[in-house]
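One structure is given here, and the rest of the page talks about it.
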Amino acid sequence: MAQRLATEYVKTCLQLTEAEMFRFFQMFVDHQVTLQVKVLENGNQEVVFQDGAGQEIVLSFEKKSGLYECTGSCRLSNTLLANLMRKAVSEFKGSATVNRIYPSYTMVYYYERGTVVKIEEVKGQLLTVIYEYKDTIGLMQQMFQKTEVEQEIEMIYDQINHLLDLRNMLQQQEEHQQIDTRLNELTHRLFILEA
């Protein structure tokens, strides 16, 4: 297996409550990562995570509507910090684009709401999709919830009933032919929709 050179978190976005922020910090502390927190005037926080080997992550948390939002990027060569960031993105339902950089290729992971939705392998100019999440159940639910066809069928039934009543009221043969032509068109469309 190839040795990973670095992990790059690009377009990372985490939104944490105050309680989640504490759990986020604790997750790093539990793995002997030291942290320094700078609280800025407006309630924003800048956090520096440092492992024993001197590798560090600097993350800025902006306070918005009672949540702490972290957006930004960082490059890590330490596996421990990279794994803790992966765990944090997953556990706290974050979004991110993560480049896992190897000597001859890069694996790009796309996270949405804490879940990997796509994995790509990049070798020079060649891009290969390794995995892509498809919400099959969600798509099927959307399909079953669509009622346009049923509404059109109901509308055609109403038109047919109206034309039949009109045909019964009218006596002229020429008007009957026009109504019969329209009825033929509507029943053909109804046949297609109900198939």
Original post:
Roughly how far, to the nearest 0.5 Å, is the CZ atom of Arg189 from the CD atom of Glu152?
Top reply: 4.0 Å
Original post:
Under 6.0 Å from the CD atom of Glu154, do we count more than 12 heavy atoms belonging to anything else shown?
Top reply: no
Original post:
Just how far is it from atom CD1 of Ile156 to atom CG of Leu190, taken to the nearest 0.5 Å?
Top reply: 5.5 Å
Original post:
Are more than 12 heavy atoms from other residues, nucleotides or ligands located less than 6.0 Å from atom OH of Tyr157?
Top reply: no
Original post:
Is there a chain of hydrophobic side chains (I, L, V, M, F, W, Y, each step under 4.5 Å between heavy atoms) that links Phe61 to Val29?
Top reply: yes
Original post:
Closest approach of Ile179 and Leu163, non-hydrogen atoms and distance?
Top reply: CG2-O, 3.6 Å
Subject >> Interatomic distance, Gln171 atom CD to His176 atom NE2 [nearest 0.5 angstrom] >> reply: 6.0 Å
Original post:
Crowded around Arg23 CZ? As in, over 12 foreign heavy atoms under 6.0 Å?
Top reply: yes
Subject >> Neighbour count >12 (heavy atoms, 6.0 Å) for atom CD, Gln36 >> reply: no
Original post:
According to a 4.5 Å side-chain heavy-atom criterion applied to Ile, Leu, Val, Met, Phe, Trp and Tyr, with indirect links allowed, do Leu186 and Met155 form part of one hydrophobic cluster?
Top reply: no
Original post:
Excluding sequence neighbours, so at least two apart, what forms side-chain contact (heavy atoms from CB on, under 4.5 Å) with Lys118?
Top reply: Tyr110, Glu120, Val129, Glu132
Subject >> Between NZ on residue Lys11 and OG on residue Ser95, distance to nearest 0.5 Å >> reply: 11.5 Å
**OP:** Determine yes or no for a side-chain-to-main-chain donor-acceptor pair under 3.5 angstrom, with Asn44 supplying the side chain and Lys63 the backbone.
**Re:** yes
Original post:
Do Leu5 and Pro103 come within less than 4.5 Å of each other through their side chains, counting heavy atoms only?
Top reply: yes
Original post:
If you measure from CD on Glu175 to CD on Gln177, what distance do you get to the nearest 0.5 Å?
Top reply: 11.0 Å
Original post:
Glu20 and Gln15: which non-hydrogen atoms are nearest, and at how many Å?
Top reply: OE1-O, 3.8 Å
**OP:** Quick one: name the residues clustered hydrophobically with Phe22, using the 4.5 Å side-chain heavy-atom rule over I, L, V, M, F, W, Y, and just say none if it's on its own.
**Re:** none
Original post:
Run the side chain to side chain contact (heavy atoms under 4.5 Å, CB included) check on Asp180 and Arg167 step by step: do they pass?
Top reply: CA-CA 8 Å; Asp180 288 346; Arg167 190 176 192 283; 2.6 Å; yes
Subject >> Glu194, CD atom: more than 12 neighbouring heavy atoms under 6.0 Å >> reply: yes
Original post:
Do the non-hydrogen side-chain atoms of Leu59 and Thr12 ever get within less than 4.5 Å of each other?
Top reply: no
**OP:** Would you indicate whether the side-chain heavy atoms of Thr7 and Met85 approach each other to under 4.5 Å?
**Re:** no
Original post:
For Ile137, does the CD1 atom sit with more than 12 other heavy atoms under 6.0 Å from it, leaving out its own atoms?
Top reply: no
**OP:** For Met140, check side-chain contact (heavy atoms from CB on, under 4.5 Å) against everything at least two apart and list the hits.
**Re:** Thr136, Phe144
Original post:
Taking side chain as C-beta onward, heavy atoms only, is Thr115 less than 4.5 Å from Tyr133?
Top reply: no
**OP:** Could you go through the side chain to side chain contact (heavy atoms under 4.5 Å, CB included) check for His31 and Leu84 one step at a time?
**Re:** CA-CA 9 Å; His31 288 86; Leu84 286 171; 3.5 Å; yes
Subject >> For Met107 against Ile119, the heavy-atom pair lying closest together >> reply: CE-CG2, 3.7 Å
Original post:
Crowded around Glu18 CD? As in, over 12 foreign heavy atoms under 6.0 Å?
Top reply: no
Subject >> Least distance between heavy atoms, Gln45 atom then Phe25 atom >> reply: OE1-CZ, 3.8 Å
**OP:** Spell out, yes or no, whether Leu81 and Met27 are grouped together once hydrophobic residues are joined by side-chain heavy atoms under 4.5 Å, including indirect joins.
**Re:** yes
**OP:** Check the hydrophobic clustering (I, L, V, M, F, W, Y; side-chain heavy atoms under 4.5 Å; chains of links allowed) and say if Val48 and Met21 are grouped together.
**Re:** no
Original post:
Where does the angle between the aromatic ring planes of Phe49 and Phe24 fall among parallel (under 30°), tilted (30 to 60°) and perpendicular (over 60°)?
Top reply: perpendicular
Original post:
Taking Thr106 for the side chain and Val122 for the main chain, is one N or O donor matched with an acceptor at less than 3.5 Å?
Top reply: no
**OP:** Hey, could you give me the CZ/OG1 distance between Arg182 and Thr187, rounded to the nearest 0.5 Å?
**Re:** 10.0 Å
**OP:** Decide yes or no for Tyr68 and Leu14: does some side-chain heavy atom of the first lie under 4.5 Å from some side-chain heavy atom of the second?
**Re:** no
Original post:
Going hydrophobic residue to hydrophobic residue with side-chain gaps under 4.5 angstrom, can you get from Leu67 over to Val37?
Top reply: no
**OP:** Provide the closest heavy-atom pair for Ala82 versus Tyr9 in the form atom of the first, atom of the second, distance.
**Re:** O-OH, 3.0 Å
